[in-house]
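Just so we're clear, the structure is a prediction, and the values are computed from it rather than from any experiment. Order of appearance sets the numbers: ligands from 1, and atoms from 1 within every ligand.
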Amino acid sequence: MKKVLVVYWSGTGNTETMAKQVVKGAEDAGAEVTLKTVSEAAADMVREAAAIAFGCPAMGAEVLEEGEMEPFIAGLSRAELGGKPLGLFGSYDWGDGQWMRDWADRMKALEAAVDGEGLITQLIPSAEVLEQCHELGKRLAG
Ligand SMILES: Cc1cc2nc3c(=O)[nH]c(=O)nc-3n(C[C@H](O)[C@H](O)[C@H](O)COP(=O)(O)O)c2cc1C
């Protein structure tokens with residue numbers, strides 16, 4: 001069974017809702033899925049997973065949440081991410097998605113196989129976005 005790890009940070013629950021649908025998609029496709037908030041996650045969990053999804057909303061001024069998510073992401077290297085399928089997702093509000101473009105570029109620089117351009121949505125994810133999260137989970141499990 002393919003091991004999929006989903007790690008997220010969410011302040012008001014929008015990105016958490018997306019994370020749960022990514023998990024469901026991967027489970028429905030037969031993967032063994034571990035869901036962690038970023039405070040529970042560690043780099044060696046990323047290393048052991050066959051495919052990964054990370055979720056974080058746009059925070060600060062178009063950056064990752066700085067207390068927990070940014071240090072976690074900054075601590076990853078090619079050793080954990082190189083060649084691995086990686087889904088990125090998160091909610092935003094008033095920006096244009098710059099945080100996700102920057103995040104995807106960072107992960108690609110570590111040779112992660114980033115799924116598309118990352119899955120973003122304004123505020124609360126719609127039913128359509130949740131379906132896209134489910135599809136992302138299925139792709140990661142495949
Ligand atoms: C402190 C703070 C900073 C934020 N900075 C941005 C930003 O730079 N760009 C943006 O589009 N949205 C920004 N937002 C809006 C959040 O990304 C948005 O509310 C999102 O839905 C939160 O997701 P969550 O429910 O998973 O925490 C910010 C929100 C907060 C509370």
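Taking a cut-off of under 4.0 Å to the non-hydrogen atoms of Gly13, the atoms of ligand 1 that pass are 24 (P), 25 (O). Listed by number with element, the atoms of ligand 1 under 4.0 angstrom from any heavy atom of Ala61 are 8 (O). Distances below 4.0 Å separate heavy atoms of Gly95 from the following atoms of ligand 1: 10 (C), 11 (O).
The shortest N or O to N or O distance between Asp93 and ligand 1 is below 3.5 Å. Between Pro57 and ligand 1, a contact under 3.5 Å exists for no N or O pair.
Taking atom 31 (C) of ligand 1 as the reference point, the nearest protein heavy-atom neighbour is Met59 CE, 4.0 Å. The nearest protein atom to atom 27 (O) of ligand 1, hydrogens excluded, is given as Gly11 N, 2.7 Å; this is a heavy-atom distance. In terms of protein heavy-atom proximity, atom 20 (C) of ligand 1 is closest to Ser91 OG, 3.4 Å. Scanning the protein heavy atoms around atom 19 (O) of ligand 1, the nearest turns out to be Leu123 CD2, 3.6 Å. From the protein, the heavy atom lying nearest to atom 6 (C) of ligand 1 is Trp94 CZ2, 3.2 Å. Of the protein's heavy atoms, Glu62 N, 2.8 Å lies nearest to atom 8 (O) of ligand 1. With hydrogens left out, the protein atom closest to atom 26 (O) of ligand 1 is Ser10 OG, 2.6 Å, a heavy atom. The closest protein non-hydrogen atom to atom 17 (O) of ligand 1 is Ala58 O, 2.7 Å.
Applying side-chain contact (heavy atoms from CB on, under 4.5 Å) to Leu35 and the options Val22, Val6, Leu5, Val4 leaves one that passes, Val6. The side-chain contact (heavy atoms from CB on, under 4.5 Å) test with Arg106 is passed by exactly one of Val114, Ile73, Leu81: Ile73.
Using a 4.0 Å cut-off between charged side-chain N and carboxylate O, Lys24 and Asp28 make a salt bridge. With respect to the salt-bridge test (charged N to carboxylate O, under 4.0 angstrom), the residues Glu27 and Lys20 do not qualify.
For NZ of Lys138, the number of neighbouring non-hydrogen atoms (other residues, nucleotides, ligands) closer than 6.0 Å is 12 at most. Within 6.0 Å of CD in Glu40 there are more than 12 heavy atoms belonging to other residues, nucleotides or ligands.
Residues Trp99 and Leu86 fall within the same hydrophobic cluster, defined by Ile, Leu, Val, Met, Phe, Trp and Tyr side chains chained together at heavy-atom separations under 4.5 Å.
Aromatic rings from Phe72 and Phe54 are positioned such that their centres are separated by under 6.0 Å.
Closest of all the heavy-atom pairs between Glu65 and Cys56 is N-SG, 3.4 Å.
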